[in-house]
Amino acid sequence: MVKKKACVFISGAGSNLKALIKRSREYSFPINISCVISSTKKASGLSFAKIYKIPYYILNLDNQLNIESILIKLKEDNISLICLAGYMRILEKNFLDRFKGKIINIHPSLLPKYKGLNTFKRILKTKEKITGCTVHYVNKKLDTGRKILQKKIFITPNDNEKTLKYRVQQVEHKAYAEAIIRIYN
Ligand code: GRF
């Protein structure tokens with residue numbers, strides 16, 4: 001099976017990156033993760049790139065030369081899918097233009113509900129009974145692109161921000177891989 005090449009963008013812990021790397025090592029999974037890009041060298045998720053020996057780059061959005069050189073690398077590597085996984089910066093316009101329709105993101109709510117940050121806090125405050133995650137295409141407007149897949153969980157009266165985040169992330173790790181399979185099927 002010829003796999004497509006993908007790049008994962010992170011800014012933090014990288015639990016979705018780790019889950020995707022593991023799935024991508026399965027023979028029939030449609031993508032290989034060829035590189036990881038982080039918006040900061042402090043992202044602890046970079047440890048997964050190191051452990052699994054995947055090249056990684058730090059993206060400095062304040063430096064146009066750095067942006068260009070990363071765009072060239074992605075082109076040279078023949079990257080056909082960009083997966084944002086906890087990438088906490090607004091993606092530079094050049095990426096959106098050059099990878100139109102090929103950038104996806106995972107968001108910890110059932111979009112269109114709870115776009116943006118502090119999702120779990122807001123969800124608990126409004127006493128929602130159900131939440132979940134959404135994998136969607138990325139466009140110029142934050143968290144509005146076409147949905148690929150959603151997964152739901154029930155919120156229990158005992159949930160707090162920490163437990164809810166943990167439980168949503170457990171389903172995210174499955175949802176992201178399923179969404180990628182759906183894209184290539
Ligand atoms: C995930 O919950 C994702 O929904 C959001 O950022 C979080 C990243 O977590 N966009 P991790 O870095 O993958 O652990």
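All ligand and atom numbering here is 1-based and tracks the order in the structure.
- When the options Ile10, Ile106, Leu84 are ranked by their closest heavy atom to atom 5 (C) of ligand 1, first place goes to Ile106.
- Side chains of Thr144 and Asn139: a donor on one and an acceptor on the other come within 3.5 Å.
- Among protein heavy atoms, the minimum distance from atom 11 (P) of ligand 1 is reached at Ser15 N, 3.4 Å.
- Polar contact check, Asn16 against ligand 1: a nitrogen or oxygen pair lies under 3.5 Å apart.
- By the neighbour-count criterion of 12 heavy atoms within 6.0 Å, atom NZ of Lys151 is densely surrounded, having more than that number from other residues, nucleotides or ligands.
- Tyr56 is not listed as a side-chain neighbour of Ile37, based on a closest heavy-atom distance of 4.5 Å or more.
- Under 4.0 Å from ligand 1, not a single heavy atom of Lys165 appears.
- A 6.0 Å sphere centred on NZ of Lys4 holds no more than 12 heavy atoms belonging to other residues, nucleotides or ligands.
- Here the heavy atom of the protein found nearest to atom 8 (C) of ligand 1 is Gly86 CA, 3.5 Å.
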* I would like to know whether Lys113 and Glu128 meet salt bridge (charged side-chain N to carboxylate O under 4.0 Å, His left out); could you show each step before the answer? => CA-CA 11 Å; Lys113 285 179 146 185; Glu128 294 280 0; 3.2 Å; yes
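- Checking only distances, Gly14 does come within under 3.5 Å of ligand 1, N or O to N or O.
- Note that Lys129 lies outside the cation-pi zone of Phe154, set by a 6.0 Å cut-off to the ring centre and a 45° limit from the axis.
- Under a 4.0 Å criterion applied to the non-hydrogen atoms of Ala13, ligand 1 contributes the atoms 12 (O), 14 (O).
- For atom 4 (O) of ligand 1, the nearest non-hydrogen atom from the set His107, Gln169, Glu172 comes from Glu172.
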